[in-house]
Amino acid sequence: MKKLMKKCSKLRAVYWELDQLHLLDQRLLPNKHHTLILKTATEVAQAIKDMVVRGAPAIGITAAYGVVLAAKAAYKNDPNNWQTIIQTDIETLAKARPTAVNLVWALQRMQTKITNNSVAILLEEAQAIQQEDIDANHRMGELGAALLPENCRVLTHCNAGALATGGYGTALGVIRSAYAAGKISEVYADETRPWLQGTRLTAWELLQDNIPVTLLADSAAANLMKQQRIDWIIVGADRITANGDVANKIGTYSLAVLARQHNIKFMVVAPTSTIDMNLSSGDQITIEQRPSEEILTINNLAIAPKGAKAWNPSFDVTPAALVDVIVTEQAVIEPNAISSFRKN
Ligand code: MRU
């Protein structure tokens, strides 16, 4: 646990402390910093659904701690049968959000430890998942930063930072490392409609680390690129399929198309836990549809006329051909090399 505290950026979206699961409520940021304590796996699944915690690696880590809560409760009630009892909770956790593969990946990893008759081992496994994610982020930070030129101007989308991971971040990990190395001259962040992860989370997170950031409306990115004010686009991922297609926050695909048009490099940063070798292409990824209210209202106030409908896919798929590099903790790879890439 000590190591976890030391290497983590000061921001912690999810942590286990005093034998309790804590989640920083991301729905309230940046105006309120409120931490929730979750007591049951059902509460954890609901918190993932409601976006108290979000970001592919962070929801995987949270679900792993959810298994620990389920196991503790089941063991108390029936020490001889707890492993069977918690399967319903694991199914509920797995269904909380469909697109990020890290959720089922983390649950499968927890399943391998359930055969041991020990709840303590499950907690150790959840903490190992979180620590490995932090370590992977730091490694990706180094690998990705090494690819950037001096005075690099970057654009990021959504929030792929400490708030979306065990700590430090994927896309924002690269930006943090490159900024620390003096290689970044400008960080632009899309506001990321409709949930505003860019405005509310990425800008807040970067400013916590004294990294200057300029926000723009998603629709302004094309013009920024046309004016040759961006060198690299750096984003995270929710699932990468065997052919190198990348599911990420809605709007990522448009950035990739624009980047190709304007001769701008496009980097995807994701741990190997985000690679899904079971799907051959991005067409097979389930894309989460979020509630219409996210489009039709802001802060619970209607902004659309009564009767207007909304289409609200939370993610899109960027074809491998539009991605220049995928940075994982193991290597920097070209998207079409994913199929020959083996996770250790
Ligand atoms: O809906 P969200 O906020 O969970 O979407 C998050 C993203 O799309 C991130 O870019 C992705 O999960 C990578 S986070 C390191």
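A quick note: this is a predicted structure, and the numbers were derived from the prediction, not measured. Remember, it's 1-based here, ligands and their atoms both numbered in the order they're listed.
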Cluster membership besides Ile234, Ile/Leu/Val/Met/Phe/Trp/Tyr side chains within less than 4.5 angstrom, sorted by chain and number, is Met140, Leu143, Leu147, Leu148, Val154, Leu172, Val174, Ile175, Tyr179, Ile184, Val187, Leu206, Leu207, Ile211, Val213, Trp232, Met267, Val269, Val325, Val327, Val332
Should the pair Arg200-Glu205 be classified as a salt bridge under the 4.0 Å nitrogen-to-oxygen rule? no
Under 3.5 Å, side chain of Asp218 to main-chain N/O of Gly251, donor-acceptor pair present? no
Cut-off 3.5 Å, side chains only: do Gln284 and Ser280 have a donor facing an acceptor? yes
Does Arg239 have any salt bridge (Lys or Arg N to Asp or Glu O under 4.0 Å) partners at least two apart in sequence or in another chain, and if so, which? Asp276
With sequence neighbours left out, what residues match Asn117 under side chain to side chain donor-acceptor pair (under 3.5 Å)? Trp82
Might you list the protein residues in contact with ligand 1, defined as having a heavy atom under 4.0 Å from one of its atoms, sorted by chain and number? Met51, Arg54, Gly55, Ala56, Pro57, Arg97, Cys158, Asn159, Ala160, Ala164, Thr165, Thr170, Gln197, Ala237, Asp238, Asn248, Lys249, Ser314, Phe315
